[in-house]
Amino acid sequence: MPTNRFDFSRCSEVVARELIGITVLINGVGGRIVETEAYDQQDAASHSFGGQTPRNAAMFGPPGRAYVYRSYGIHWCLNFVCRDQGHGAGVLIRALEPTAGMAVMQSRRGLDNPRLLCAGPGRVGQALNIDASFNDLPLDEPPFQLLGRPGTEPVVMLTGPRIGISKAAETPWRFGEAGSRFLSRRF
DNA sequence: AGTATGATTGCCT
DNA sequence: GGCAATCATACTG
């Protein structure tokens, strides 16, 4: 049976891998996570790298909450806070295979093609109607729902360098499901 | 297929 | 004042 329990109190790389195949819903709308990226305080590409600031405070709070930030002044991006409190680590949700609330997501995105609904962090934000009010919210309570458990289904994992960053760009902390048509980009 | 560009805003140096 | 964990569109070859 599905569960809302998920162990976020581990390092971002492990959590990022285990999230592949997990379903995330917000108010019943969303899908299966097929692409993630790990970020960590020791990592020059992470928002938490320089220590805690008002913007990244959620990353330093308890694991298992959302960290939401504005990207390029335009998009809202969703992260899951992980590791131990105070460590400044999180996992960026980069792409979903849309499964629930397709019509709502199509309307929010202004597009029909399921393939492009949630293929990228900004698109996920728009499809799930994310904004700043979701920052720091616990992931095991409404409006969030996490379904499934790591290892329940066999997932062939792809690994590669993260996207859109300039520092630590060679660190292979991007993860995805092999063969998925819903990835933001090819690995 | 690949490369370029504008949109847009809050945070940090 | 500069920049950013992006996206859609409009080019080029």
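Quantities reported herein were computed from a predicted structural model and do not represent experimental measurements. In what follows, chains are A, B, ... by sequence order, proteins preceding strands, each numbered from 1.
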What's the CG-P distance between A/Leu78 and C/dT6, to the nearest Å?
14 Å

Which part of the nucleic acid, if any, lies within reach of A/Arg174 when heavy atoms closer than 4.0 Å are counted: base, sugar-phosphate only, or nothing?
nothing

Taking any heavy-atom pair under 4.0 Å as a contact, classify A/Ile74: base, sugar-phosphate, or nothing.
base

Within this structure, what is the CG-to-P distance between A/Asp131 and B/dG10, rounded to whole angstrom?
13 Å

What does B/dT8 pair with, Watson-Crick or G-U, if both distances are under 3.5 Å?
none

Contact class for A/Gly73 (heavy atom, under 4.0 Å): base, sugar-phosphate, or nothing?
base

Shortest side-chain distance from A/His75, nucleotide among B/dA7, C/dC7, B/dC12
C/dC7

When the distance from CG of A/Leu111 to P of C/dC7 is rounded to whole Å, what number comes out?
12 Å

In whole angstrom, what separates A/Asn113's CG from C/dA8's P?
11 Å

Give one of base, sugar-phosphate or nothing for A/Arg70, where a contact means two heavy atoms less than 4.0 Å apart.
sugar-phosphate

According to the Watson-Crick and G-U wobble definitions, with both distances under 3.5 Å, which nucleotide is paired to C/dA5?
none

For A/Tyr39 and C/dA5, are the ring centres under 5.5 Å apart with planes inclined under 30°?
yes

Is the shortest heavy-atom distance from the side chain of A/Leu183 to the side chain of A/Arg94 under 4.5 Å?
no

Hey, does the Lys NZ or Arg CZ of A/Arg174 hover above the aromatic six-ring of A/Phe187, less than 6.0 Å from the centre and inside 45° of the axis?
yes

Salt bridge present between A/Glu18 and A/Arg10 (N-O < 4.0 angstrom)
yes

Output the single nucleotide from C/dA4, B/dA7, B/dC12 whose closest atom is nearest the side chain of A/Ser166.
C/dA4

Output the single nucleotide from C/dA5, C/dT6, C/dC7 whose closest atom is nearest the side chain of A/Arg123.
C/dC7

Residue pair A/Glu35 / A/Ser184, side-chain donor-acceptor N/O under 3.5 Å
yes

Using ring centroids (six-membered ring only for Trp), state whether A/His87 and A/Phe60 fall under 6.0 Å.
no

Honestly, is A/Arg162 close enough over A/Tyr39, meaning NZ or CZ under 6.0 Å from the six-membered ring centre and within 45° of the axis?
yes

hbond_proxy A/Tyr69 side chain to C/dA5 base (donor-acceptor, 3.5 Å cutoff)
yes

Could you check how far CG of A/Leu116 sits from P of C/dT9, rounded to whole Å?
10 Å

From the candidates C/dA4, B/dC12, B/dT9, the one with an atom nearest any side-chain atom of A/Thr53 is B/dC12

Starting at atom CD of A/Glu35, determine the distance to atom C1' of C/dC7, rounded to an integer number of angstrom.
14 Å

Of A/His47 and A/Arg109, whose nearest nucleotide on DNA chain C comes first from the 5' end?
A/His47

Rounded distance in Å - NZ (A/Lys167) to P (C/dC3):
11 Å

Expressed as a whole number of Å, how far does the C1' atom of C/dA8 sit from that of B/dG10?
22 Å

Round to the nearest Å and state the distance from A/Met59 atom CE to B/dC11 atom P.
16 Å

For A/Arg185 and B/dA1, is the shortest distance between a side-chain N/O and OP1 or OP2 below 4.0 Å?
no

